[in-house]
Peer 1: 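Have a look at this one before I ask anything.
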Amino acid sequence: MITQFNIKNQKIKGPLNLSLTINSGQTSQPPWKESNSYFQELIQVEGAPCLVNIKHDDADTDSNLEIIAESTEKVSEKGIKNSVREIFSLDHDLNQFYQFLSEDPKLTPTIEFCQGLRLFNAHNPFECIISSISSANCSILRWTRSVNDIKRKWGDQYHFDSGDFYSFPVPNVLGNVPEHDLEEMQRCEDELPEDFIFENNLQACGVGYRAKYIINAARMIQSEIGIQKVARMRYDEAFDTILQLPGVGPKVADCILLYGFKMGEAFPVDVWIKRIVEHLYFPGEELKPQEVRVFGMERYGDWAGYVQLYLFHYARKSGLLESLRKK
DNA sequence: TTCCAGGTAGTCG
DNA sequence: CGACTACCTGGA
(Lines give C-alpha, C1' and ligand atoms only; values in the text may rest on other atoms or scores of the structure.)
Protein backbone atom coordinates (compact mmCIF):
# COMPACT_ATOMS: atom_id res chain seq x y z
CA MET A 1 0.00 0.00 0.00
CA ILE A 2 1.31 3.42 -0.93
CA THR A 3 0.03 6.74 0.32
CA GLN A 4 1.15 10.05 -1.13
CA PHE A 5 0.34 13.60 -0.11
CA ASN A 6 1.72 17.05 0.57
CA ILE A 7 1.89 19.15 3.67
CA LYS A 8 1.09 22.67 2.62
CA ASN A 9 2.75 25.92 3.62
CA GLN A 10 0.31 26.90 6.29
CA LYS A 11 0.74 23.52 7.98
CA ILE A 12 4.41 24.28 8.53
CA LYS A 13 4.79 27.10 10.97
CA GLY A 14 7.52 29.22 9.42
CA PRO A 15 10.39 28.22 7.12
CA LEU A 16 11.86 24.75 6.68
CA ASN A 17 15.28 23.72 5.44
CA LEU A 18 14.93 19.94 5.35
CA SER A 19 18.43 19.05 4.22
CA LEU A 20 20.03 21.30 6.81
CA THR A 21 17.83 19.82 9.52
CA ILE A 22 18.60 16.22 8.59
CA ASN A 23 22.32 16.74 8.12
CA SER A 24 23.02 19.00 11.09
CA GLY A 25 24.34 16.15 13.24
CA GLN A 26 21.65 16.17 15.91
CA THR A 27 22.03 13.12 18.10
CA SER A 28 18.46 11.91 17.69
CA GLN A 29 19.40 9.57 14.84
CA PRO A 30 21.73 9.25 11.84
CA PRO A 31 20.81 11.30 8.75
CA TRP A 32 18.06 9.81 6.63
CA LYS A 33 19.08 8.07 3.42
CA GLU A 34 19.05 10.38 0.42
CA SER A 35 17.85 9.06 -2.92
CA ASN A 36 16.61 10.96 -5.97
CA SER A 37 16.15 14.14 -3.94
CA TYR A 38 14.01 12.27 -1.43
CA PHE A 39 15.02 11.52 2.16
CA GLN A 40 13.97 8.08 3.35
CA GLU A 41 13.64 6.27 6.64
CA LEU A 42 11.73 3.37 8.10
CA ILE A 43 9.60 4.48 11.04
CA GLN A 44 6.82 3.00 13.11
CA VAL A 45 3.43 4.53 12.44
CA GLU A 46 0.50 3.30 14.49
CA GLY A 47 2.53 0.23 15.32
CA ALA A 48 3.24 -0.60 11.69
CA PRO A 49 6.60 -0.35 9.91
CA CYS A 50 6.36 2.30 7.27
CA LEU A 51 8.88 3.66 4.78
CA VAL A 52 8.60 7.44 4.62
CA ASN A 53 9.98 9.37 1.64
CA ILE A 54 10.03 13.14 1.93
CA LYS A 55 11.04 15.90 -0.43
CA HIS A 56 11.31 19.62 0.04
CA ASP A 57 12.62 22.48 -2.06
CA ASP A 58 15.03 24.07 0.38
CA ALA A 59 15.70 26.96 -2.00
CA ASP A 60 12.15 28.02 -1.18
CA THR A 61 11.90 27.51 2.56
CA ASP A 62 8.17 28.18 2.53
CA SER A 63 7.34 25.52 -0.05
CA ASN A 64 5.36 22.33 0.47
CA LEU A 65 6.71 19.18 2.02
CA GLU A 66 5.93 16.19 -0.17
CA ILE A 67 5.45 12.87 1.57
CA ILE A 68 5.21 9.41 0.05
CA ALA A 69 4.63 6.60 2.51
CA GLU A 70 4.83 2.88 1.84
CA SER A 71 3.68 0.13 4.15
CA THR A 72 2.46 -3.42 3.79
CA GLU A 73 0.04 -2.74 6.60
CA LYS A 74 -2.85 -0.37 6.91
CA VAL A 75 -1.59 3.01 8.04
CA SER A 76 -3.66 6.18 8.15
CA GLU A 77 -2.56 9.31 6.35
CA LYS A 78 -3.12 11.22 9.52
CA GLY A 79 -0.78 8.95 11.43
CA ILE A 80 1.98 9.40 8.88
CA LYS A 81 1.47 13.13 8.76
CA ASN A 82 1.61 13.44 12.54
CA SER A 83 4.81 11.40 12.72
CA VAL A 84 6.53 13.56 10.14
CA ARG A 85 5.33 16.71 11.85
CA GLU A 86 6.74 15.48 15.15
CA ILE A 87 10.09 14.33 13.77
CA PHE A 88 10.76 17.58 11.94
CA SER A 89 9.02 19.70 14.57
CA LEU A 90 6.85 21.33 11.92
CA ASP A 91 4.49 22.67 14.57
CA HIS A 92 7.19 24.78 16.15
CA ASP A 93 6.57 28.32 15.00
CA LEU A 94 9.98 29.37 13.76
CA ASN A 95 8.81 32.90 13.02
CA GLN A 96 7.91 33.25 16.65
CA PHE A 97 11.30 31.81 17.57
CA TYR A 98 13.02 34.31 15.27
CA GLN A 99 11.13 37.07 17.02
CA PHE A 100 12.55 35.75 20.28
CA LEU A 101 16.08 35.61 18.81
CA SER A 102 15.81 39.14 17.50
CA GLU A 103 15.12 40.42 21.00
CA ASP A 104 18.59 39.29 22.12
CA PRO A 105 21.39 41.05 20.24
CA LYS A 106 23.72 38.13 20.94
CA LEU A 107 21.34 35.73 19.23
CA THR A 108 20.11 37.86 16.34
CA PRO A 109 22.99 36.89 13.99
CA THR A 110 22.02 33.22 14.21
CA ILE A 111 18.81 33.81 12.28
CA GLU A 112 20.32 34.34 8.85
CA PHE A 113 22.77 31.45 9.23
CA CYS A 114 20.17 28.90 10.31
CA GLN A 115 17.11 29.82 8.26
CA GLY A 116 14.70 26.88 8.34
CA LEU A 117 16.79 24.73 10.68
CA ARG A 118 14.55 22.70 12.96
CA LEU A 119 14.91 20.21 15.77
CA PHE A 120 15.33 16.75 14.24
CA ASN A 121 13.41 14.68 16.76
CA ALA A 122 13.83 10.96 17.27
CA HIS A 123 11.32 8.65 15.63
CA ASN A 124 12.44 6.10 18.20
CA PRO A 125 13.35 7.33 21.70
CA PHE A 126 15.39 4.23 22.51
CA GLU A 127 17.47 4.70 19.38
CA CYS A 128 18.00 8.29 20.47
CA ILE A 129 19.27 7.18 23.87
CA ILE A 130 21.78 4.83 22.30
CA SER A 131 22.76 7.39 19.65
CA SER A 132 23.39 9.97 22.33
CA ILE A 133 25.50 7.61 24.44
CA SER A 134 27.46 6.67 21.32
CA SER A 135 28.06 10.31 20.46
CA ALA A 136 29.93 11.16 23.66
CA ASN A 137 33.54 12.10 22.96
CA CYS A 138 33.09 10.87 19.43
CA SER A 139 32.81 12.35 15.94
CA ILE A 140 29.46 12.62 14.19
CA LEU A 141 30.71 10.46 11.36
CA ARG A 142 31.64 7.70 13.73
CA TRP A 143 28.54 7.53 15.92
CA THR A 144 26.17 7.69 12.96
CA ARG A 145 28.02 4.83 11.35
CA SER A 146 27.81 2.86 14.61
CA VAL A 147 24.06 3.34 14.91
CA ASN A 148 23.54 2.22 11.32
CA ASP A 149 25.69 -0.85 11.99
CA ILE A 150 23.61 -1.71 15.06
CA LYS A 151 20.43 -1.49 13.00
CA ARG A 152 21.83 -3.67 10.25
CA LYS A 153 23.06 -6.33 12.66
CA TRP A 154 20.22 -6.60 15.16
CA GLY A 155 17.25 -4.71 13.76
CA ASP A 156 14.46 -6.24 11.71
CA GLN A 157 14.98 -6.06 7.97
CA TYR A 158 12.28 -4.71 5.68
CA HIS A 159 12.51 -4.87 1.93
CA PHE A 160 11.18 -2.13 -0.35
CA ASP A 161 11.65 -1.41 -4.04
CA SER A 162 14.03 1.39 -3.12
CA GLY A 163 16.15 -0.87 -0.94
CA ASP A 164 16.39 -2.62 2.41
CA PHE A 165 15.72 -0.76 5.63
CA TYR A 166 16.18 -1.80 9.23
CA SER A 167 14.41 -0.98 12.46
CA PHE A 168 16.43 -0.19 15.57
CA PRO A 169 16.57 -3.24 17.90
CA VAL A 170 14.38 -3.16 21.01
CA PRO A 171 16.07 -2.96 24.46
CA ASN A 172 15.62 -6.67 25.12
CA VAL A 173 17.57 -7.52 21.98
CA LEU A 174 20.34 -4.95 22.31
CA GLY A 175 20.77 -5.76 25.98
CA ASN A 176 21.77 -9.29 25.10
CA VAL A 177 24.22 -8.90 22.24
CA PRO A 178 27.90 -9.81 22.77
CA GLU A 179 30.01 -6.89 23.96
CA HIS A 180 33.20 -7.72 22.07
CA ASP A 181 35.02 -10.35 19.99
CA LEU A 182 35.89 -12.50 22.98
CA GLU A 183 32.34 -12.72 24.20
CA GLU A 184 31.08 -13.49 20.74
CA MET A 185 33.62 -16.30 20.48
CA GLN A 186 32.72 -17.71 23.89
CA ARG A 187 29.08 -17.88 22.95
CA CYS A 188 29.86 -19.75 19.77
CA GLU A 189 29.30 -23.51 19.96
CA ASP A 190 31.28 -24.61 16.94
CA GLU A 191 34.97 -24.66 16.23
CA LEU A 192 36.01 -21.65 14.22
CA PRO A 193 38.89 -21.17 11.80
CA GLU A 194 41.91 -19.27 13.09
CA ASP A 195 41.23 -16.26 10.90
CA PHE A 196 37.52 -16.02 11.66
CA ILE A 197 36.39 -12.42 11.79
CA PHE A 198 33.99 -11.63 14.59
CA GLU A 199 31.55 -8.93 13.63
CA ASN A 200 28.32 -9.70 15.47
CA ASN A 201 29.29 -7.83 18.60
CA LEU A 202 28.89 -4.26 19.75
CA GLN A 203 32.51 -3.20 19.66
CA ALA A 204 32.66 -4.30 16.05
CA CYS A 205 30.22 -1.43 15.43
CA GLY A 206 32.97 1.02 16.40
CA VAL A 207 31.45 2.15 19.68
CA GLY A 208 34.65 1.38 21.59
CA TYR A 209 34.46 1.46 25.37
CA ARG A 210 30.85 2.61 25.13
CA ALA A 211 29.76 -0.96 24.29
CA LYS A 212 29.46 -1.80 27.98
CA TYR A 213 27.44 1.37 28.62
CA ILE A 214 25.08 0.62 25.75
CA ILE A 215 24.34 -2.94 26.81
CA ASN A 216 23.78 -2.00 30.43
CA ALA A 217 21.68 1.01 29.51
CA ALA A 218 19.48 -1.21 27.34
CA ARG A 219 19.03 -3.62 30.24
CA MET A 220 18.16 -0.85 32.68
CA ILE A 221 15.62 0.60 30.28
CA GLN A 222 14.01 -2.77 29.89
CA SER A 223 13.91 -3.56 33.59
CA GLU A 224 13.70 -0.37 35.64
CA ILE A 225 13.55 2.78 33.57
CA GLY A 226 10.77 2.42 31.01
CA ILE A 227 10.62 4.73 28.01
CA GLN A 228 6.95 5.41 28.67
CA LYS A 229 7.66 6.17 32.30
CA VAL A 230 10.24 8.81 31.40
CA ALA A 231 7.94 10.26 28.76
CA ARG A 232 5.36 11.05 31.42
CA MET A 233 7.82 12.80 33.74
CA ARG A 234 8.46 16.48 33.94
CA TYR A 235 11.89 17.70 32.88
CA ASP A 236 13.65 17.74 36.26
CA GLU A 237 12.59 14.26 37.26
CA ALA A 238 13.32 12.91 33.79
CA PHE A 239 16.81 14.44 33.90
CA ASP A 240 17.65 12.77 37.22
CA THR A 241 16.23 9.48 36.02
CA ILE A 242 18.00 9.32 32.68
CA LEU A 243 21.24 10.40 34.38
CA GLN A 244 21.33 7.02 36.11
CA LEU A 245 22.01 5.25 32.83
CA PRO A 246 25.66 4.30 32.29
CA GLY A 247 27.40 6.52 29.76
CA VAL A 248 24.88 9.27 30.39
CA GLY A 249 26.18 12.49 31.92
CA PRO A 250 24.50 15.92 31.89
CA LYS A 251 25.22 16.67 28.22
CA VAL A 252 23.97 13.33 26.93
CA ALA A 253 20.96 13.43 29.26
CA ASP A 254 19.90 16.79 27.88
CA CYS A 255 20.29 15.57 24.30
CA ILE A 256 18.11 12.57 25.10
CA LEU A 257 15.42 14.69 26.73
CA LEU A 258 15.50 17.27 23.95
CA TYR A 259 15.51 15.01 20.89
CA GLY A 260 14.09 11.80 22.29
CA PHE A 261 11.41 13.18 24.59
CA LYS A 262 10.82 16.56 23.00
CA MET A 263 11.58 18.55 26.13
CA GLY A 264 12.45 21.84 24.53
CA GLU A 265 13.60 23.41 27.79
CA ALA A 266 16.70 21.18 27.83
CA PHE A 267 19.96 23.01 27.09
CA PRO A 268 22.68 20.45 26.26
CA VAL A 269 26.09 21.94 27.01
CA ASP A 270 29.04 20.50 25.14
CA VAL A 271 32.48 22.03 24.88
CA TRP A 272 31.41 24.21 21.94
CA ILE A 273 28.25 25.59 23.49
CA LYS A 274 30.29 26.34 26.59
CA ARG A 275 32.87 28.28 24.58
CA ILE A 276 30.24 30.09 22.53
CA VAL A 277 28.23 31.17 25.57
CA GLU A 278 31.38 32.29 27.36
CA HIS A 279 32.46 34.24 24.28
CA LEU A 280 29.10 35.94 23.79
CA TYR A 281 27.96 36.59 27.34
CA PHE A 282 31.00 36.29 29.61
CA PRO A 283 34.04 37.43 27.61
CA GLY A 284 37.29 36.62 29.36
CA GLU A 285 35.56 34.45 31.94
CA GLU A 286 35.50 30.71 32.31
CA LEU A 287 32.31 28.99 33.45
CA LYS A 288 31.65 25.45 34.52
CA PRO A 289 29.41 23.40 32.22
CA GLN A 290 26.72 23.24 34.86
CA GLU A 291 26.75 27.03 35.16
CA VAL A 292 26.32 27.37 31.41
CA ARG A 293 23.44 24.91 31.54
CA VAL A 294 21.64 26.87 34.25
CA PHE A 295 22.32 30.13 32.43
CA GLY A 296 20.85 28.76 29.21
CA MET A 297 17.76 27.31 30.82
CA GLU A 298 17.01 30.47 32.76
CA ARG A 299 17.67 32.86 29.91
CA TYR A 300 16.09 30.94 27.04
CA GLY A 301 13.27 29.08 28.81
CA ASP A 302 11.20 26.93 26.50
CA TRP A 303 13.41 27.87 23.54
CA ALA A 304 16.61 26.63 25.20
CA GLY A 305 16.93 23.54 23.02
CA TYR A 306 16.46 25.54 19.86
CA VAL A 307 18.93 28.21 20.97
CA GLN A 308 21.54 25.52 21.57
CA LEU A 309 20.96 24.20 18.06
CA TYR A 310 21.13 27.64 16.50
CA LEU A 311 24.17 28.79 18.46
CA PHE A 312 26.16 25.74 17.44
CA HIS A 313 25.36 25.99 13.75
CA TYR A 314 25.76 29.71 13.68
CA ALA A 315 29.19 29.37 15.24
CA ARG A 316 30.11 26.61 12.84
CA LYS A 317 29.06 28.48 9.71
CA SER A 318 30.20 31.94 10.69
CA GLY A 319 33.74 30.83 11.49
CA LEU A 320 33.30 31.59 15.18
CA LEU A 321 33.88 27.95 16.00
CA GLU A 322 37.32 28.00 14.41
CA SER A 323 38.33 31.07 16.34
CA LEU A 324 37.24 29.44 19.60
CA ARG A 325 39.12 26.20 18.92
CA LYS A 326 41.45 24.90 21.65
CA LYS A 327 40.69 27.34 24.39
C1' DT B 1 53.10 9.12 13.17
C1' DT B 2 50.49 11.82 16.34
C1' DC B 3 46.41 14.18 17.49
C1' DC B 4 41.77 14.91 18.38
C1' DA B 5 36.63 14.37 18.14
C1' DG B 6 29.71 17.73 20.18
C1' DG B 7 31.96 13.55 27.67
C1' DT B 8 31.80 10.22 31.17
C1' DA B 9 33.37 7.32 34.92
C1' DG B 10 36.72 6.47 38.20
C1' DT B 11 40.03 8.13 41.46
C1' DC B 12 42.05 11.20 44.75
C1' DG B 13 42.35 15.29 47.74
C1' DC C 1 31.88 17.95 45.93
C1' DG C 2 35.89 19.77 42.68
C1' DA C 3 39.80 18.81 39.94
C1' DC C 4 42.27 15.43 37.05
C1' DT C 5 42.85 11.65 33.75
C1' DA C 6 42.15 7.36 30.94
C1' DC C 7 39.36 5.87 27.45
C1' DC C 8 37.87 2.89 21.90
C1' DT C 9 38.41 4.27 17.20
C1' DG C 10 39.59 6.06 12.77
C1' DG C 11 40.16 10.03 9.78
C1' DA C 12 43.20 14.01 8.97
Side-chain angles (χ1 to χ4, degrees), chain A residues 20-31 110 114 117 119-120 122 128-150 177-184 197-199 201-217 220 239-260 266-279 286-294 296 304-327:
Chain A
L20 178 60
T21 298
I22 286 178
N23 293 310
S24 52
Q26 302 178 52
T27 58
S28 52
Q29 62 203 294
T110 66
C114 305
L117 174 61
L119 288 176
F120 188 23
C128 176
I129 292 172
I130 302 305
S131 289
S132 302
I133 292 175
S134 306
S135 74
N137 193 27
C138 191
S139 67
I140 296 173
L141 188 68
R142 210 182 118 195
W143 72 256
T144 55
R145 208 203 59 189
S146 294
V147 172
N148 283 326
D149 279 356
I150 290 171
V177 304
E179 185 187 330
H180 40 52
D181 288 359
L182 181 61
E183 197 174 329
E184 184 184 346
I197 297 178
F198 295 97
E199 47 190 15
N201 65 79
L202 250 191
Q203 276 201 338
C205 299
V207 297
Y209 58 85
R210 303 165 195 80
K212 196 185 308 287
Y213 302 156
I214 291 170
I215 289 171
N216 288 328
M220 283 179 68
F239 183 81
D240 291 337
T241 303
I242 217 82
L243 210 51
Q244 300 177 64
L245 293 173
V248 175
K251 189 269 180 183
V252 168
D254 273 329
C255 281
I256 291 171
L257 296 181
L258 177 60
Y259 299 119
F267 190 69
V269 176
D270 58 46
V271 54
W272 294 113
I273 290 298
K274 177 178 170 307
R275 290 173 189 171
I276 295 164
V277 167
E278 285 168 351
H279 170 77
E286 175 128 11
L287 306 197
K288 279 168 260 182
Q290 167 65 4
E291 295 174 322
V292 178
R293 174 169 173 264
V294 171
Y306 257 104
V307 171
Q308 169 264 168
L309 179 63
Y310 270 56
L311 277 179
F312 182 71
H313 287 278
Y314 156 70
R316 184 188 243 179
K317 289 199 210 171
S318 67
L320 177 59
L321 217 55
E322 276 306 313
S323 69
L324 294 177
R325 188 169 290 279
K326 68 172 171 127
K327 232 184 268 189

Peer 1: Select base, sugar-phosphate, or nothing to describe what Leu245(A) touches, counting heavy atoms under 4.0 Å on all strands.
Peer 2: sugar-phosphate
Peer 1: Assuming nearest nucleotide by heavy-atom distance, tell me which of Val248(A) and His313(A) is located more 5' along DNA chain B.
Peer 2: His313(A)
Peer 1: With sequence neighbours left out, what residues match Tyr209(A) under ring pair (Phe, Tyr, Trp, His ring centres under 6.0 Å)?
Peer 2: none
Peer 1: With a 3.5 Å cut-off and sequence neighbours excluded, list the donor-acceptor pairs that the side chains of residues 240-247 of chain A form with protein atoms.
Peer 2:
{"unit_1": "Thr241(A)", "atom_1": "OG1", "unit_2": "Glu237(A)", "atom_2": "O", "d": "2.7"}

Peer 1: Pick the P atom in dC4(B) and in dT5(C), then give their distance to the nearest Å.
Peer 2: 15 Å
Peer 1: Sequence neighbours left out, what passes ring pair (Phe, Tyr, Trp, His ring centres under 6.0 Å) with Tyr306(A)? Give chain and number order.
Peer 2: His92(A), Phe97(A), Trp303(A)
Peer 1: Go through the structure and list residues passing salt bridge (Lys or Arg N to Asp or Glu O under 4.0 Å) with Glu184(A), not counting sequence neighbours.
Peer 2: none
Peer 1: With a 4.0 Å cut-off on heavy atoms, is Pro289(A) in touch with a base, just the backbone sugar-phosphate, or nothing at all?
Peer 2: nothing
Peer 1: How does protein reach along nucleotides 6-12 of chain C, written 5' to 3' as B (base within reach of a heavy atom under 4.0 Å), S (only sugar-phosphate), or - (no contact)?
Peer 2: -BBBSS-
Peer 1: Could you give the CD1-to-C1' distance, from Ile140(A) to dG7(B), as a whole number of Å?
Peer 2: 15 Å
Peer 1: Take the protein atom CZ of Arg293(A) and the nucleotide atom P of dG7(B), then report the distance between them rounded to whole Å.
Peer 2: 16 Å
Peer 1: Between dC3(B) and dA6(C), how many Å separate the two C1' atoms, rounded to a whole number?
Peer 2: 16 Å
Peer 1: What's Ser146(A) touching, base or sugar-phosphate or nothing? Going by heavy atoms closer than 4.0 Å.
Peer 2: nothing
Peer 1: In whole angstroms, how far is the P atom of dG6(B) from the CZ atom of Arg275(A)?
Peer 2: 10 Å
Peer 1: Determine whether the side chains of Gln26(A) and Ser28(A) contain a donor N or O and an acceptor N or O closer than 3.5 Å.
Peer 2: no
Peer 1: Counting Watson-Crick and G-U wobble pairs with both distances under 3.5 Å, what is the dot-bracket string for DNA chain C, 5' to 3', using [ ] for crossing pairs and | for pairs to another strand?
Peer 2: |||||||.||||
Peer 1: Rounded to whole Å, please give me the gap between CD1 in Ile133(A) and P in dT8(B).
Peer 2: 10 Å
Peer 1: For a quick check of understanding: with a heavy-atom distance under 4.0 Å over all strands, which category does Gln308(A) fall into, base, sugar-phosphate or nothing?
Peer 2: base
Peer 1: If you look at every strand shown and take non-hydrogen atoms under 4.0 Å, does Pro268(A) touch a base, only sugar-phosphate, or nothing?
Peer 2: nothing
Peer 1: To the nearest Å, give me how far apart CZ (Phe120(A)) and P (dG6(B)) are.
Peer 2: 18 Å
Peer 1: Assign Tyr213(A) to base, sugar-phosphate, or nothing according to its heavy-atom contacts below 4.0 angstrom with the strands shown.
Peer 2: sugar-phosphate
